[in-house]
Amino acid sequence: MILSGLLNTLSVRGAGAPFLATGDGTFWLPVRASEAAGSVDNLFYFIFWISLFFFTLLMALLAIFAVRYRRRREGEEPEPSPSHNLAVEVVWTAIPVLLVAVIFWFGFQAYVDMSTPPLNAYQIQVTGQKWKWTFTYPNGYVDELLHVPADRPVQLVMTSQDVIHSLSIPAFRIKRDLVPGRYSKAWFTAVRPGDYDIYCAEYCGTQHSSMISTVKVLPPEEFDAWMLEHSDILSGLTPVEGGERVYNVLGCKQCHTLDGVAGVGPTFRDLFGSERSFKDGGRALADENYISSSVLDPQSQIVQGFEPVMPTFKGRIKDQEMTALIAFLKSLSEHAPGEEAPAAVGAGTP
Amino acid sequence: MSTPHEGRDEHAHPHLQHHFESMAQQYDSGKFGMWLFLVTEVLLFGGLFCAYAVYRANHPEIFAYAHQFLDKTLGGLNTLVLIVSSLTMAMAVRCAQLGQQRRLKQMLAATLLCACIFLGVKGVEYEHKWKHGLLWGTHYVPQGETVAPADAAGAATTAETTAAAAAAPADGGTTLPHAATGPQGLADHSQPGHGGASHGGHGPAGPAPRNVHLFFGIYFVMTGLHGIHVLAGMIAIVWLLRRSAAGEFGPEYFAPVDFVGLYWHLVDLIWIFLFPLLYLIH
Amino acid sequence: MSKHHEGPTYAHVVPVRTLLGVFGALMFLTILTYAVTYVDLGALNIWVALGIALVKGTLVALVFMHLLWDKKFYAVVLMSALLCVMIFIGIALLDSGQYQADLIPDFAPGIVQ
Amino acid sequence: MSTHDATAAPPAVGGENYLNCSHGFRSWIFTLDHKRIGVMYLASILSFFLLGGILALLIRTELLTPTRTLMSADDYNKVFTLHGAIMIFLFIIPGIPAALGNFVLPLMLGAKDVALPRLNLASYHLYLIGALIAVLSIVQGGVDAGWTFYAPYSTTTNTAVVTLTFGVFVLGFSSVFTGLNFIVTMHKMRPAGMGWFDMPLMLWALYATSIIQVLATPILGITMVLLIVERVMGIGIFDPALGGDPVLYQHFFWFYSHPAVYIMILPAMGIISEVISVFSRKHIFGYRAIAYSSIAIAAFSFLVWGHHMFTSGQSDLMNMIFSALTFSVSIPSAVKMFNWLSTMYKGSIRFDTPMIYALSFMFLFGIGGLTGLFLGSLATDVHLHDTYFVVAHFHYVMFGGTVIAFLAGLHYWWPKMFGRMYDEKWGRISAIIISVGFNITFFTQFVMGSQGMPRRYYAYVDKFEPYHVISSIGSYLMAAGFFMTAWYLVKSLYRGRPAPANPWGGASMEWQAASPPVLHNFTDEPVGGDPYDYSNQDYDPATGGYVLRKPEVSDR
């Protein structure tokens with residue numbers, strides 16, 4: 001076991017095919033679902049067996065000494081023995097030095113592999129905020145679950161909107177903090193299709209322990225099909241249906257209800273075309289421009305009775321999606337003109 | 001109960017504590033303790049120097065831009081004041097060692113006066129920053145209006161410490177070219193994009209970089225913590241003055257003067273580094 | 001020096017002349033460091049300023065703080081503190097320099113303007 | 001002087017001693033006597049240990065079920081934050097040095113007091129003030145930032161962070177003053193004839209601890225100051241919203257808090273060195289190696305803080321350097337383990353309560369140390385960082401190491417401190433219960449952690465439930481052991497058999513003082529010598545203790 005661990009750790013190089021690439025979990029470690037998991041696990045067990053060996057040795061000696069040299073009657077004096085021995089002390093200093101040097105080296109090697117993504121890695125943007133994950137794909141599709149193709153290197157480019165979070169996928173053996181104000185990166189090659197947990201590993205407040213998501217590893221062809229389906233969320237839908245889809249996918253529904261009861265934000269029922277009054281005393285008619293600007297720059301006009309908590313969707317919503325969303329809002333409102341949405345909306349948005 | 005006092009002479013000094021054998025042992029222990037305390041002070045400020053170094057190294061443009069709002073001459077003056085106070089403190093230690101009671105009191109008083117001047121000048125500087133919104137974080141709201149140097153001087157005369165008031169306006173007069181830099185820099189800042197103006201021979205400042213407030217954050221924390229140390233030193237010196245008025249110090253017992261002296265020199269020493277790092281950036 | 005006086009038996013008394021000499025040197029160096037800022041030495045300016053500060057600091061520590069005459073161990077103690085600070089600053093600088101490229105430029109959403 | 005007086009000091013219960021030489025509240029709270037200050041520290045830290053322990057039980061009870069059991073998520077976050085902060089800043093850091101160390105350090109030197117008694121008292125007063133401020137944060141509604149106070153969470157949460165961090169700041173001063181005092185005492189108060197290498201290893205350990213306290217704690221102080229000004233004034237050094245750098249905060253924090261781990265463990269190692277040698281009745285093996293390893297640990301401790309930041313966004317270069325340096329610190333710890341084991345070889349081992357704890361220490365610290373290898377190694381740390389594996393690791397080191405050693409020391413010096421023997425049978429039983437309960441509680445957490453369970457989770461995925469249930473049951477068992485300990489120790493104060501001056505046969509100088517010692521420690525000048533030479537002692541069945549045999553002891 002030790003030897004095989006040694007050899008395998010030595011053999012792990014970049015995106016090569018390591019020993020133990022995939023596998024079920026063991027007593028100590030969860031299921032292995034990424035390439036790196038193999039080398040991490042080998043190292044884990046390498047350290048484990050070394051530790052177990054020395055621990056058993058020490059504790060056996062401890063037990064033997066405790067029994068063999070126990071004081072049988074009070075006042076019994078020990079037999080003489082040396083109080084130091086340079087040779088022995090040098091040896092038992094040197095052996096651990098060598099061992100930890102080896103462990104360091106293996107750990108370092110595997111880490112370098114884990115932190116050096118191949119150039120052709122598929123990039124997904126990750127945003128952490130209290131208390132949810134947002135994954136943005138190269139084509140702009142946004143999801144709260146992470147879908148990745150198997151057998152293809154994937155790089156996550158991550159940042160946080162508020163406090164430090166940490167993306168942890170135990171099955172992939174990766175973990176990286178998301179620091180506000182900077183991009184941090186992680187990469188992996190998933191090798192085993194299935195669903196695995198994503199945790200937030202850096203304490204981030206009330207719902208820290210609910211900041212859990214799932215990574216769905218799909219076989220490459222299934223992933224491609226899935227991506228195709230989701231790259232244009234509006235395809236084959238009427239504007240109103242598309243708007244409803246946008247409403248669901250982009251997360252509007254978490255704060256804005258459709259039933260007329262205000263949630264964290266105002267309800268969408270009968271919103272379009274109504275008169276809005278703002279905290280700063282201003283008023284405006286909820287027309288296309290108003291909707292567009294409140295989605296792209298939510299802090300500019302805060303409706304009375306609500307907190308300025310909405311994040312901006314600038315860069316996350318496409319023009320067609322905005323159009324569809326407005327069509328959807330119109331369909332919900334009795335103030336709306338009742339006709340089809342005008343072709344051009346979002347004029348004046350950057 | 002017989003407590004053995006071997007090694008202690010019968011006429012032990014009244015300030016000798018029971019667990020020491022001699023005044024020399026007591027003095028050595030105290031002095032060693034004081035040095036270790038100074039070590040902790042060095043490390044305390046070390047943390048701030050670290051924050052300074054990290055931001056200076058990674059955002060040199062902030063420092064190059066923002067230091068122009070500091071008044072080099074007032075900073076230099078304060079450096080000189082602290083050096084004078086260090087001399088008088090060193091003299092005070094010497095007087096205590098030699099038992100020169102009157103000169104000891106004079107020297108301590110002189111040190112205290114220098115400390116007052118230092119804080120007075122510091123107060124003038126702070127007030128200037130305050131008026132111009134040159135503060136930390138979100139409070140950094142530079143005022144675009146130019147402020148004539150006379151204004152600063154006028155404000156300074158209302159300062160409480162007479163010594164400071166005496167020093168500051170006189171100084172304000174001599175710093176005209178530099179004082180002009182500040183407001184001009186401010187004017188610059190209020191119109192981003194209008195760069196390239198020369199600043200009293202300092203070379204162009206250009207448009208304000210982002211996050212200039214970080215410099216003022218660091219400036220206020222560093223000088224503020226230093227100021228608190230000066231205040232603590234002043235309290236210690238007042239305590240020494242009271243004890244020296246009672247004639248407690250002499251060749252056999254001068255440890256408190258010596259230890260406060262060490263502390264005071266360290267406070268001076270830290271300023272010796274703060275001055276070029278904050279004021280004399282090129 | 002202190003032969004004429006009733007000095008303490010267990011500590012050194014620094015002569016007035018030495019104190020004044022150091023004081024003069026400190027004054028001179030302060031003015032020098034002030035003057036040198038009017039000469040543009042480029043990146044060298046900060047090192048010149050720090051060098052002068054270091055000389056001044058050493059003078060204060062050696063003479064005003066009696067290190068020159070005291071037990072050498074106090075100097076060791078002070079140096080170990082400085083070493084500690086150096087390690088701290090050195091590593092923080094090295095690390096922050098390494099990750100500058102990852103920073104989102106001018107990220108400061110809490111600051112308006 | 002006659003040996004007779006020095007060793008056959010009458011059992012001082014009844015005679016005048018430091019406990020009964022003066023009376024009243026003021027005679028305690030303003031005392032300059034290091035022994036009374038030590039006892040006051042002991043009472044204080046044990047109170048906070050109780051408080052921290054109750055919080056720990058709340059945590060474990062909440063985690064019995066995957067969702068809500070007792071309290072809301074916010075309350076849970078406050079409870080674990082306070083558990084960490086109280087245990088670390090109010091109990092473990094001052095635990096061994098300030099309570100036990102204060103009591104035994106001058107006695108071990110044969111001195112009348114520490115070098116700077118007023119500073120010692122000031123240190124205790126600052127401890128009390130700091131502790132009260134920290135506890136005030138509970139009254140203000142608690143703090144939910146975690147004991148590490150990572151920015152920007154700590155700068156943005158609306159809980160009483162400022163109060164708690166200010167309390168920690170004040171406590172830092174207390175810690176600095178204790179360390180400073182100990183260093184001066186060991187330099188200036190050693191009796192003539194006692195060289196550095198004639199000191200008991202406990203003193204070497206305290207010396208190494210004190211170096212760290214003096215050199216590292218000020219950085220904690222400035223970190224707390226910066227955090228407070230960050231919150232109060234918005235200075236922007238650590239808060240990214242203001243352009244600051246949150247990773248820099250972590251450098252600041254761990255520059256202190258990693259060495260602080262050695263502030264906690266080094267004195268524990270000192271106690272173990274004393275106890276193993278005395279109860280094996282054998283000269284400590286490799287004295288110099290143990291002494292040097294204490295200093296080596298202190299020195300290395302300043303170079304490894306970055307291993308808390310392997311996934312934080314610290315650069316790869318620093319990760320590599322810190323990983324390599326981290327392993328260096330494991331060597332001196334391993335050397336100590338081997339030396340203790342060799343000390344037992346061919347000894348005459350007695351299994352009194354302190355020795356049971358010492359053996360338990362070697363078991364638990366062995367696991368704690370070896371699991372550190374997984375965390376020092378970069379690739380495995382990425383997987384294990386911020387999981388229960390880390391929680392288990394540091395509890396094995398801090399609890400299995402420091403707290404168990406503290407209990408060993410407490411039982412070892414209890415007769416000296418209070419002049420009474422506790423009930424040996426109950427002592428051994430509770431020592432075993434605590435060790436067993438500890439393993440049940442925390443070993444399961446290793447498995448949980450390596451399976452991926454993140455720390456500081458209020459709710460968790462169902463598959464971890466069995467582990468959490470076992471862990472919680474273990475914690476209740478441990479709590480029972482502690483209540484048992486409290487019960488028989490308190491009982492011993494009233495009903496305990498009067499302690500002989502030297503109940504265990506220790507050869508260091510504190511055992512030449514009466515039990516409990518008189519006001520100025522020694523009625524006669526103590527006899528110096530090798531602190532691990534037991535050859536000149538005889539067991540005296542009449543008192544149940546040991547007495548020096550020869551009238552003259554060669555002064556090495």
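Here is the naming used below: chain letters follow the sequence lines, and residue numbers restart at 1 for every chain. Predicted model, so just to flag it, every value in this text is computed and none were measured.
Among D/Ile237, D/Thr185, D/Asp113, the residue making the largest number of heavy-atom pairs under 4.5 Å with chain B is D/Ile237. Note on B/Leu135, B/Thr40, B/Asn211: by heavy-atom pairs under 4.5 Å with chain D, the leading option is B/Thr40. For chain D, the option among B/Gly47, B/Ser29, B/Gly217, B/Gly30 with the highest count of heavy-atom pairs below 4.5 Å is B/Ser29. Here D/Pro117 is the residue among D/Pro106, D/Gly221, D/Gly244, D/Pro117 with the most heavy-atom pairs under 4.5 Å with chain B.
Relative ring orientation between B/His18 and D/His520 is described as tilted, the plane-to-plane angle lying within the 30° to 60° band. By the 30° and 60° cut-offs, the orientation of the rings of B/Phe254 relative to B/Tyr27 is tilted. Note on ring orientation: taking the six-membered ring where Trp is involved, the planes of B/His15 and B/Tyr253 are parallel (angle under 30°, cut-offs 30° and 60°).
For D/Leu242, the parts lying near chain B are the backbone and the side chain together; criterion is any non-hydrogen pair under 4.5 Å. With a threshold of 4.5 angstrom between heavy atoms, B/Tyr55 approaches chain D through side-chain atoms but not through N, CA, C or O. Proximity to chain B is limited to the side chain of D/Val176, based on heavy atoms less than 4.5 angstrom apart. At a 4.5 Å heavy-atom cutoff, the contact between D/Val114 and chain B is made by backbone atoms alone. Proximity to chain B involves both the backbone and the side chain of D/Ile183, based on heavy atoms less than 4.5 angstrom apart. In this structure, chain D has no heavy atom under 4.5 Å from any part of B/His59. In this structure, chain B has heavy atoms under 4.5 Å from both the backbone and the side chain of D/Ala115. Residue D/Asp245 touches chain B through both its backbone and its side chain, counting heavy-atom pairs closer than 4.5 Å.
D/Ser123 places no side-chain N or O within donor-acceptor distance of the main-chain N or O of D/Leu119, the cut-off being under 3.5 Å. Between the side chain of B/Glu41 and the backbone N or O of B/Leu266 there is no donor-acceptor pair closer than 3.5 Å. Side-chain atoms of D/Arg190 do not come within 3.5 Å of backbone N or O of D/Leu109 as any donor-acceptor pair. With hydrogens and angles ignored, the 3.5 Å screen pairs no side-chain donor or acceptor of D/Gln213 with any backbone N or O of D/Ile263.
Between B/Pro256 and B/Arg243 the shortest side-chain heavy-atom distance falls below 4.5 Å.
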